[in-house]
*Asks:* 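First the structure, which I've put down as structure tokens, then a few questions once you've had a look.
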Amino acid sequence: EVKKIVMENEDLIYENLVSSKAIISSIKETSKAALHVDLHPHNILIDRKKAIILDVDSIRSIHIPTFIGFSLYKLARQILVNNKLDKNFINYFLSFYDSLESSFEKDRLKLEFCLNAGKVEVFRRLNYVINDNINGNQTWNSVLETQINGLKEIDFLLKEIKEFIE
């Protein structure tokens, strides 16, 4: 099953390998911070008086554009499950980007760069699943298609947002 999925998406995987290699040096020139790279509503427990962040294994030192791009992608996935991509969504998405981006004043980053850096994170995760398979570990096979779809979804987001902005 894994081999079939990888072979069906061979061109997409190769294209993302090439594009990831092209952007990595630019990403490495940006600042890093210890951030939770998988923060979404399912990883936050809220009680009356406190909030607890779950999945603390996802807190790591990460380049800021990768964090911003991956967070934007995760937000878009959460919203678009039950909504359509329209002007309201794009405005909300851009507002969220502005709030994230302004939190990192030192690194004034372009949206497209951040989303592509987020795509590198998705590709890193996909690569991890494939490498684990090669080494006989099938623990993460259930997310293989999710990571492949993530590459497609970020490309779709980039296209739609560019059309909206222009």
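These figures come from a predicted structure and were not determined experimentally.
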*Asks:* By side chain to side chain donor-acceptor pair (under 3.5 Å), which residues pair with E112, not counting sequence neighbours?
*Replies:*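 Only K162 meet the side chain to side chain donor-acceptor pair (under 3.5 Å) criterion with E112.
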*Asks:* For T139, what residues pass the side chain to side chain donor-acceptor pair (under 3.5 Å) criterion, not counting sequence neighbours?
*Replies:*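 Counting only residues at least two positions away or on another chain, T139 forms a side chain to side chain donor-acceptor pair (under 3.5 Å) with N137.
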*Asks:* Would you compute the distance between atom OG of S25 and atom NZ of K28 and round it to the nearest 0.5 angstrom?
*Replies:*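 Here the interatomic distance stands at 8.5 Å.
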*Asks:* Not counting sequence neighbours, list each pair that qualifies as a side-chain hydrogen bond (donor to acceptor under 3.5 Å, both in side chains) and has a residue in residues 113-122.
*Replies:*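 For residues 113-122: N16-K119, R60-E121, K119-D155, E121-R124, E121-R125.
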*Asks:* Could you list the residues that satisfy side chain to side chain donor-acceptor pair (under 3.5 Å) with S58, not counting sequence neighbours?
*Replies:*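 Per chain and number, S58 pairs via side chain to side chain donor-acceptor pair (under 3.5 Å) with D55.
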*Asks:* Are any side-chain N or O atoms of S20 and backbone N or O atoms of L17, one a donor and one an acceptor, separated by less than 3.5 Å?
*Replies:*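 No, because the side chain of S20 does not come within donor-acceptor range (under 3.5 Å) of the backbone of L17.
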*Asks:* Just jot down the side chain to side chain contact (heavy atoms under 4.5 Å, CB included) partners of A51, sequence neighbours excluded, or say none.
*Replies:*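 Here the qualifying residues are I44, I46.
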*Asks:* Is there a path of hydrophobic side-chain contacts, each under 4.5 Å between heavy atoms of I/L/V/M/F/W/Y residues, joining L45 to I59?
*Replies:*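 Each belongs to a different hydrophobic cluster.
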*Asks:* Would you confirm whether H63, through its side chain, and T30, through its main-chain N or O, come within 3.5 Å as a donor-acceptor pair?
*Replies:*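 Indeed, once roles are kept as given, a pair shorter than 3.5 Å links the two residues.
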*Asks:* So I130 and L144, do their side chains get closer than 4.5 Å, heavy atoms only?
*Replies:*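 The answer is yes; the side chains approach within 4.5 Å.
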*Asks:* When rounded to the nearest 0.5 angstrom, what distance separates CD1 in I148 from CG in N9?
*Replies:*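 Rounded to the nearest 0.5 Å, the CD1-CG separation comes out at 4.0 Å.
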*Asks:* Using the rule given for side-chain contact (heavy atoms from CB on, under 4.5 Å), can you reason through W140 versus N133, listing the C-alpha separation, both sets of side-chain angles and the distance that settles it, and then say yes or no?
*Replies:* CA-CA 8 Å; W140 293 102; N133 255 275; over 6 Å; no
*Asks:* Any link between I134 and V2 through a network of hydrophobic side chains (Ile, Leu, Val, Met, Phe, Trp, Tyr) touching at under 4.5 Å?
*Replies:*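 In one cluster: yes.
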*Asks:* Any donor-acceptor pair under 3.5 Å linking the side chain of H42 with the backbone of L54?
*Replies:*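 It does not hold such a pair.
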*Asks:* What is the distance from atom CG of N127 to atom CD1 of I13, rounded to the nearest 0.5 Å?
*Replies:*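 Going from the CG atom of N127 to the CD1 atom of I13 covers 9.5 Å.
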*Asks:* Are F70 and I62 close enough, and set up right, to give a side-chain contact (heavy atoms from CB on, under 4.5 Å), and what steps lead you there?
*Replies:* CA-CA 11 Å; F70 191 70; I62 186 169; 5.9 Å; no
*Asks:* Got a sec, which residues hit ring pair (Phe, Tyr, Trp, His ring centres under 6.0 Å) with F89, two or more places apart in sequence or on another chain?
*Replies:*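 Ring pair (Phe, Tyr, Trp, His ring centres under 6.0 Å) check on F89 returns F93.
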*Asks:* Just so I know, are the side chains of H36 and N43 near enough to count as touching, which here means a heavy-atom distance under 4.5 Å?
*Replies:*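 Side chain of H36 against side chain of N43, heavy atoms only: contact under 4.5 Å found.
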*Asks:* My understanding is that only residues two or more places apart in sequence, or in another chain, count here; which of them pass side chain to side chain contact (heavy atoms under 4.5 Å, CB included) with K159?
*Replies:*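 Once residues adjacent in sequence are excluded, the partners of K159 under the side chain to side chain contact (heavy atoms under 4.5 Å, CB included) criterion are E163.
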*Asks:* What's the spacing between L72 CG and F67 CZ if we round to 0.5 Å?
*Replies:*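 One finds 9.0 Å between CG of L72 and CZ of F67.
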*Asks:* Can you sort out the partners of K4 under side chain to side chain contact (heavy atoms under 4.5 Å, CB included), two or more places apart, ordered by chain and number?
*Replies:*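 Side chain to side chain contact (heavy atoms under 4.5 Å, CB included) list for K4, sorted by chain: E8.
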*Asks:* What residues form a salt bridge (Lys or Arg N to Asp or Glu O under 4.0 Å) with K87, not counting sequence neighbours?
*Replies:*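 Checked K87 against salt bridge (Lys or Arg N to Asp or Glu O under 4.0 Å); zero matches.
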*Asks:* Does a side-chain heavy-atom distance below 4.5 Å link E15 with V18?
*Replies:*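 In short, these two side chains do not touch, never coming nearer than 4.5 Å.
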*Asks:* Enumerate the residue pairs fulfilling salt bridge (charged side-chain N to carboxylate O under 4.0 Å, His left out) with a member in residues 64-83, sequence neighbours excluded, ordered by first and then second residue.
*Replies:*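 Listed once each, the pairs are D38-K74, R77-E153.
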*Asks:* For the pair D47 (side chain) and K49 (backbone), establish whether a donor and an acceptor sit closer than 3.5 Å, ignoring hydrogens and angles.
*Replies:*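 No, because the side chain of D47 does not come within donor-acceptor range (under 3.5 Å) of the backbone of K49.
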*Asks:* If you define the side chain from C-beta out and look only at heavy atoms, does anything of V37 sit under 4.5 Å from T66?
*Replies:*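 Of all side-chain heavy-atom pairs linking T66 with V37, none is under 4.5 Å.
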*Asks:* Between CD1 of I68 and CZ of F96, what distance do you get to the nearest 0.5 Å?
*Replies:*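 If I round to the nearest 0.5 Å, the distance is 9.5 Å.
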*Asks:* Under the side chain to side chain donor-acceptor pair (under 3.5 Å) test, which residues partner Q147, sequence neighbours left out?
*Replies:*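 Scan of Q147 (side chain to side chain donor-acceptor pair (under 3.5 Å), adjacent residues dropped) gives none.
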*Asks:* Just grab all the salt bridge (charged side-chain N to carboxylate O under 4.0 Å, His left out) pairs involving residues 129-146, residues at least two apart or on different chains.
*Replies:*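 Qualifying pairs, neighbours excluded: none.
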*Asks:* Do side-chain atoms of Y97 reach the backbone of L111 as a donor and acceptor pair under 3.5 angstrom?
*Replies:*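 Yes, because the side chain of Y97 sits within donor-acceptor range (under 3.5 Å) of the backbone of L111.
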*Asks:* A side-chain contact here means heavy atoms from C-beta on lying under 4.5 Å apart; do I27 and F113 qualify?
*Replies:*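 Heavy-atom side-chain distance check passes, below 4.5 Å.
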*Asks:* Could you tell me whether a side-chain N or O of N135 sits under 3.5 Å from a main-chain N or O of N131, the two making a donor and an acceptor?
*Replies:*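 Between the backbone of N131 and the side chain of N135 there is a qualifying donor-acceptor contact (under 3.5 Å).
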